[in-house]
Amino acid sequence: MDAQNANAQKPKQSLLRRLFSAEGAIFCIGIACIVYGVADGFKVMQFFFGLCIVGGSVALHFVKRKDWDAHWAEHNRLHDAHRQRLEAEQRDKKKEQ
């Protein structure tokens, strides 16, 4: 629920602001490389690098969308629980010996 509330509190960016952000510029450069690679007699390298740039910018978009603070808090909670369980098992083994 906290992640949903945090996302609801963030102001929505306009389409122009998203296009002229760093991620939008990277995406547009990738599209330009693809178009140039196809329009100029299908140049494989430009087309390939355009696809890589577009794929990377899409991946960047999804990575930035994720709530990393909540992710790491959950990760740390699971790690601590696992460590406590292992310590309890070790204490039990020492008591048995």
Side-chain angles (χ1 to χ4, degrees):
M1 283 270 190
D2 292 332
Q4 291 174 349
N5 291 338
N7 288 338
Q9 291 175 356
K10 291 181 182 176
K12 294 286 184 179
Q13 292 182 343
S14 68
L15 180 61
L16 286 175
R17 187 166 180 90
R18 282 187 285 168
L19 275 178
F20 291 113
S21 66
E23 296 83 19
I26 291 171
F27 183 79
C28 291
I29 289 170
I31 295 295
C33 287
I34 291 173
V35 169
Y36 176 72
V38 171
D40 199 25
F42 194 74
K43 295 190 177 187
V44 177
M45 291 307 290
Q46 283 86 356
F47 186 76
F48 171 75
F49 284 121
L51 286 177
C52 288
I53 292 168
V54 168
S57 68
V58 170
L60 179 63
H61 170 74
F62 286 113
V63 165
K64 287 186 80 172
R65 246 178 84 184
K66 186 162 179 69
D67 185 9
W68 287 106
D69 293 332
H71 168 76
W72 286 114
E74 177 70 13
H75 175 75
N76 289 336
R77 186 188 65 77
L78 291 173
H79 179 72
D80 291 340
H82 179 71
R83 189 181 64 223
Q84 289 174 357
R85 185 172 49 88
L86 287 177
E87 290 172 354
E89 287 176 4
Q90 288 176 352
R91 278 181 282 172
D92 291 340
K93 284 182 183 178
K94 286 181 181 179
K95 287 180 182 178
E96 291 175 1
Q97 293 176 351

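- Nearest approach of Val54 to Gly30, heavy atoms of both residues: CG2-C, 3.6 Å.
- Scanning for salt bridge (charged side-chain N to carboxylate O under 4.0 Å, His left out) contacts around Glu96 gives an empty result, with sequence neighbours left out.
- For Gln90, there are no side-chain contact (heavy atoms from CB on, under 4.5 Å) partners at least two apart in sequence or on another chain.
- For residues 51-60, no residue pair satisfies the salt bridge (charged side-chain N to carboxylate O under 4.0 Å, His left out) rule, not counting sequence neighbours.
- Leu60 and Ile53 are not part of a single hydrophobic cluster, where members link through side-chain heavy atoms under 4.5 Å apart.
- Scanning for salt bridge (charged side-chain N to carboxylate O under 4.0 Å, His left out) contacts around Asp80 gives Arg83, with sequence neighbours left out.
- Here the closest heavy-atom approach between residue Gln84 and residue Arg91 is recorded as O-NH2, 4.3 Å.
- Both Val58 and Val35 belong to a single network of hydrophobic side chains, linked directly or stepwise wherever heavy atoms of I, L, V, M, F, W or Y lie under 4.5 Å apart.
- Partners of Arg85 under the salt bridge (charged side-chain N to carboxylate O under 4.0 Å, His left out) rule, at least two apart in sequence or in another chain, are Glu89.
- Among residue pairs with one or both ends in residues 73-97, those qualifying as ring pair (Phe, Tyr, Trp, His ring centres under 6.0 Å) are Trp72-His75; sequence neighbours excluded.
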With a cut-off of 3.5 Å and sequence neighbours excluded, list every side-chain donor-acceptor pair involving residues 43-51.
| residue | atom | partner | partner atom | Å |
| --- | --- | --- | --- | --- |
| Lys43 | NZ | Asp40 | OD2 | 3.1 |

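- Remark: Ile34 CD1 to Cys52 SG distance equals 9.5 Å, nearest 0.5 Å.
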